[in-house]
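The block underneath contains the structure these notes are about, expressed in structure tokens.
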Protein chains: 2
Amino acid sequence: MTVPPGRRERKKAATRQKIADAALRLFLERGYEAVGIRDVAAEADVAVTTLFSHFASKEALVFERGDDFEQRLTRAVTGRAPQEPLIPALRREIQYLVRHCTADSATPIWRIIDETPALREYEESMRLRHAESLATAIAADPDLSLTTTASRTIARFVIDAYSLAREAPSPDAALDEIFRMIEAAWAVAACPRSNSTGTAGP
Amino acid sequence: MTVPPGRRERKKAATRQKIADAALRLFLERGYEAVGIRDVAAEADVAVTTLFSHFASKEALVFERGDDFEQRLTRAVTGRAPQEPLIPALRREIQYLVRHCTADSATPIWRIIDETPALREYEESMRLRHAESLATAIAADPDLSLTTTASRTIARFVIDAYSLAREAPSPDAALDEIFRMIEAAWAVAACPRSNSTGTAGP
DNA sequence: GAGCGTAGCACTAACGGTTAGCTTTTCGAA
DNA sequence: TTCGAAAAGCTAACCGTTAGTGCTACGCTC
């Protein structure tokens, strides 16, 4: 809770950054799988155990700023203009995020991610955790007052939109189509009228 | 392609079963993480390499019959009665699958899965692969003629329904709620009318 | 039925990510 | 200055997984 970060925390952050930079450099240079943890540690001039005290796994080195995703989504909910409807706000944010990693394939880290199955799997699990945070944020909004299930469903759908649009040939068009569906799902979640779905329980 | 499986294939199947049984026994006895691959191999009296020639990973030992899930879902699409609408057919199948692993927590393997993060993650990635198969089946149905994106979206939503209902306090009620949302999403995917979603692209 | 090709299995040894145990260094506060 | 604690280090392993190399048993053809 100290306002000016002490020398200790600065050094710690510096070490972390040094590791992340070394990892990125090596991954771009030789490819993700061809680089070992011990290589990264050596390049960053730290011990392997130090590396793992900063990053939980090898994959986490790639998604170094992965928490931004989570924060941006929850803030798109909690920080949106008063009375602004939920889904368009989320759509705007997802669109930004998708563009950020498709157009910015100038940033070649996304190429590595796309080409490495282990990283794609890791990203999907990460997004699933993000969906949980998003669901919590949605459920906490007093203007919406959704059930837990509805919140979690919408959150999953929104994350699906990200994943699907990301690998679609035309991300923008895909987002259009998917969010039209999400909007419809949202409408029945927000004001439940009928409850017959065609199959009654026994 | 021989109708009566030869001795060779029977022996192979027997070995596979022996390994699966040994694994299940040990996992139930000591817990998933406390059992090593070498333990399983020893208990089944096979070499470690043999074990990995039958199962791709340690997690795969637990989801030995995981392909059933995929097949049941695709057949729910391809094998449904003529003119039967898609979503109720999928809902029926998902309901069956959810009940199978919630009520059947009598089968304590699901308890182990629920308690082991590594297994939950593995299951989620597996379901994602299943969603791809399901999407293909949906896209191939001539009665529907959906876009690729719409097919994949519906498939993901249906898989989400499974995951969410599985961990909901009342799975049946959750399924009701989620499938009401999916039905709405489906309606706009099947007959697209308006295409304004509240946020226009720049 | 003898011989051949191959699939299944075994064994050893390693690789690569990850962790435990313990010591040393470095900072912050008393 | 001194002391406690956080950060970083080193060694040595654990554990899932794979490569390399044979051997054996089966299925098939002649």
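In what follows, every chain begins at residue 1, and chains take the letters A, B, ... in the order their sequences are listed.
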*Between A/Phe69 and A/Tyr162, does the ring centroid distance fall short of 6.0 Å?*
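Yes, the ring centres sit under 6.0 Å apart.
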*Are A/Lys58 and A/Tyr32 in a cation-pi contact, defined as NZ or CZ under 6.0 Å from the six-membered ring centre and within 45° of the axis?*
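Judged by the rule (NZ or CZ under 6.0 Å from the ring centre, within 45° of its axis), A/Lys58 counts as positioned above A/Tyr32.
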Without decimals, in angstroms, what is the distance between [X] [atom1] and [N] [atom2]?
{"X": "B/Leu51", "N": "D/dG16", "atom1": "CG", "atom2": "P", "result": "10 Å"}
{"X": "A/Arg10", "N": "D/dA7", "atom1": "CZ", "atom2": "C1'", "result": "15 Å"}
{"X": "B/Ile19", "N": "C/dG8", "atom1": "CD1", "atom2": "P", "result": "12 Å"}

Decide yes or no for [X] and [Y]: does some side-chain heavy atom of the first lie under 4.5 Å from some side-chain heavy atom of the second?
{"X": "B/Glu167", "Y": "B/Arg120", "answer": "yes"}
{"X": "B/Tyr96", "Y": "B/His100", "answer": "yes"}
{"X": "A/Met126", "Y": "A/Glu123", "answer": "yes"}
{"X": "A/Pro171", "Y": "A/Arg99", "answer": "no"}
{"X": "A/Val62", "Y": "A/Ile112", "answer": "no"}
{"X": "B/Arg30", "Y": "B/Asp39", "answer": "yes"}
{"X": "B/Glu132", "Y": "B/Arg152", "answer": "yes"}

Please determine whether a side-chain nitrogen or oxygen atom of [X] lies at a distance below 4.0 Å from atom OP1 or OP2 of [N].
{"X": "B/Thr15", "N": "C/dG8", "answer": "no"}
{"X": "A/Lys11", "N": "C/dT26", "answer": "no"}
{"X": "A/His54", "N": "D/dA7", "answer": "no"}

_I want to verify a distance call: between C/dA10, C/dC9, D/dC10, whose nearest atom is closest to the B/Ala47 side chain?_
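It is C/dA10.
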*Which is true for A/Asp45 with a 4.0 Å heavy-atom rule: it touches a base, it touches only sugar-phosphate, or it touches nothing?*
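It contacts sugar-phosphate atoms only.
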Detail all sub-3.5 Å separations between protein N/O atoms and N/O atoms belonging to nucleotides 16-20 of chain C.
residue, atom, partner, partner atom, Å
C/dG17, OP1, A/Lys58, NZ, 2.8
C/dG17, OP2, A/Ile37, N, 3.0
C/dG17, N7, A/Arg38, NH1, 3.1
C/dG17, N7, A/Arg38, NH2, 3.4
C/dG17, O6, A/Arg38, NH2, 3.3
C/dT18, OP2, A/Lys58, N, 2.9
C/dT18, O4, A/Arg38, NH2, 3.1

Give each protein N/O atom lying under 3.5 Å from an N/O atom of nucleotides 3-5 of chain D, with the pair distance.
residue, atom, partner, partner atom, Å
D/dA5, N3, A/Arg8, NH2, 3.4

